[in-house]
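Data first, discussion second: the structure below is written as structure tokens.
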Protein chains: 2
Amino acid sequence: MEPKETKNRILDAAEHLFAEKGYHGTSLRMITTEATVNLAAVNYHFGSKESLIEAVIERRLLPLNQLRTKQLKAVRDEARRNDRAPDVRQTLAAFIEPTLSFRNSGPGAQDFIALVARALADPNDTARSVFINRIKPVLDLLHQCLAEALPQIDPQTIFWRLHFMIGSLTHIMHNLDKLPIPTEMMPTDNSFQEITEMLLTFITTGMEAPQ
Amino acid sequence: MEPKETKNRILDAAEHLFAEKGYHGTSLRMITTEATVNLAAVNYHFGSKESLIEAVIERRLLPLNQLRTKQLKAVRDEARRNDRAPDVRQTLAAFIEPTLSFRNSGPGAQDFIALVARALADPNDTARSVFINRIKPVLDLLHQCLAEALPQIDPQTIFWRLHFMIGSLTHIMHNLDKLPIPTEMMPTDNSFQEITEMLLTFITTGMEAPQ
DNA sequence: GTCTATACGATGATAGAC
DNA sequence: GTCTATCATCGTATAGAC
């Protein structure tokens, strides 16, 4: 078996199981069984269970953050070229849309989101600090763009509203297909796109609220 | 030892450890050691580990939901008596403020919030379904109040905005003292109250946004 | 009724031979 | 890279002391 093949099979299985059962709820045996590799292969390729979850997170997060950064800079630079402030909704969309299209890129991506949601809820998890450290530069850039877009609002207020936004985003991404949703509350079709628009309206309006 | 004393010691220790290490990360032996009771006391008083976490959740959640329900009904009935629509900010405050004052009621309450955040992130956790089932009636009441307050907005849209709000609320409650917050972003004093006001402004404005 | 000491079967982690 | 023997720890059950 090619070496890359083994590593990826382990990463896929780990992503899936960590998402479903949590870090402590998943054993190395479960992972290696699902990946149909030998138990000791994890220690061989990744060193430890803890390094494995770090690798799982970085594999997805690095390209995602690159895309977010690229889109944010595009919005900011376009506004600067035209000598005006960036549009708030456009700025927020530049951050949010990569997250959402990523979510629809496959079942592994949804597992990853569940994994991140877990990591954020875990006060001691190593996954938590990996995630937070990696996303901080993107958040700083987003904050800077919003400060340009909303000069009338205190940067401190923008900072907190940004965290309210992150709460809404992660909550809805993680719970969209897990919530007990009455049928009459479900948008008719292409529901995901509609809910995305609703979210964007909600947070854009909240972000622009007078102090 | 008084019988209630033992049960409460177990509940306190379980709340603390489940919040810190998660359900699977906590063993009954850790709990009974921290509570300085015998290992078998858990099974005697609660039957199983799973029943124990249910008891942990219900102990806090029932009074909290009663308070929320009472305040929501007060706002609604007051508005009806005066033959006008309920105020949106007041309605949201009736739901949110008990949560926040509860959070400040002691260290055990903060553990409980961390526990709930964990439960919400866990797709399979029994704690999750206990929490969701218990809070559903309150959410239904809140939805009904908001529909009265915002007749111009589609109930379906209100429903989703309500979930965006819950995301913001749980995220900020859980992460308030865990986020890496630059000192210049921290409100000068009584920060918790200020952040609450900011949250209320954010979600009220978002909730009232034109469709 | 309440608590304790102890045991059981299952399962996970790990080190060392190959 | 793989296999296996070994050990720790888990949740739970039970018998009996107070």
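For clarity, every value in this text was computed on a predicted model and none was experimentally measured. Here is how names work: the chains are called A, B, and so on, in the same order as the sequence lines, proteins then strands, and each is numbered from 1. Below, all heavy atoms of this structure are taken into account, side chains as well, without hydrogens, waters or symmetry copies.
Partners of B/S51 under the side-chain contact (heavy atoms from CB on, under 4.5 Å) rule, at least two apart in sequence or in another chain, are B/S48. Listed by chain and number, the residues in a salt bridge (Lys or Arg N to Asp or Glu O under 4.0 Å) with A/R76 amount to none (sequence neighbours excluded).
Look at OH on A/Y23: it is 15 Å from P on C/dG12, rounded to the nearest Å. Between the C1' atom of D/dA15 and the CG atom of B/N43 lies a distance of 15 Å, rounded to the nearest Å. As a whole-Å value, the separation of A/L17 CG from C/dG12 P is 12 Å. Spacing between atom CG of B/L52 and atom P of D/dG11 amounts to 11 Å, rounded to whole angstrom units. One can place CD1 of A/I10 at 11 Å from C1' of D/dG1, the figure rounded to the nearest angstrom. In this structure, NE2 of B/H24 is placed 14 Å from C1' of C/dT11, rounded to the nearest angstrom. Atom CD in A/E50 sits about 15 Å away from atom C1' in C/dA13, given to the nearest Å.
Screening residues 128-145 of chain B for salt bridge (Lys or Arg N to Asp or Glu O under 4.0 Å), with sequence neighbours left out, gives B/E58-B/R134, B/K136-B/D140.
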Residues 88-96 of chain A, side-chain donor-acceptor partners within the protein, below 3.5 Å, at least two apart:
unit_1 : atom_1 : unit_2 : atom_2 : d
A/R89  : NH1    : A/T201 : OG1    : 3.2
A/R89  : NH2    : A/E197 : OE1    : 3.0
A/T91  : OG1    : A/D87  : O      : 2.7

Pairs of donor and acceptor atoms involving the side chains of residues 111-118 of chain B, under 3.5 Å and at least two apart or interchain, shall be tabulated with distances.
unit_1 : atom_1 : unit_2 : atom_2 : d
B/R118 : NE     : B/F18  : O      : 3.4
B/R118 : NE     : B/A19  : O      : 3.0
B/R118 : NH2    : A/D122 : OD1    : 2.8
B/R118 : NH2    : A/D122 : OD2    : 3.4
B/R118 : NH2    : B/E20  : O      : 3.0

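Listed pair B/K49 / D/dT12 fails the phosphate criterion, with no side-chain N or O lying under 4.0 Å from OP1 or OP2. Between B/S27 and D/dC10 there is a side-chain polar atom (N or O) within less than 4.0 angstrom of OP1 or OP2.
Stacking of A/K7 on the aromatic ring of A/Y44 is not recorded, the 6.0 Å distance cut-off and the 45° axial limit not both being met.
A/T32 comes within contact range of no nucleotide atom at all, as no heavy-atom separation falls under 4.0 Å.
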Please write out each protein N/O paired with an N/O of nucleotides 2-6 of chain D under 3.5 Å, distance rounded to 0.1 Å.
unit_1 : atom_1 : unit_2 : atom_2 : d
D/dC3  : OP2    : A/N38  : ND2    : 3.0

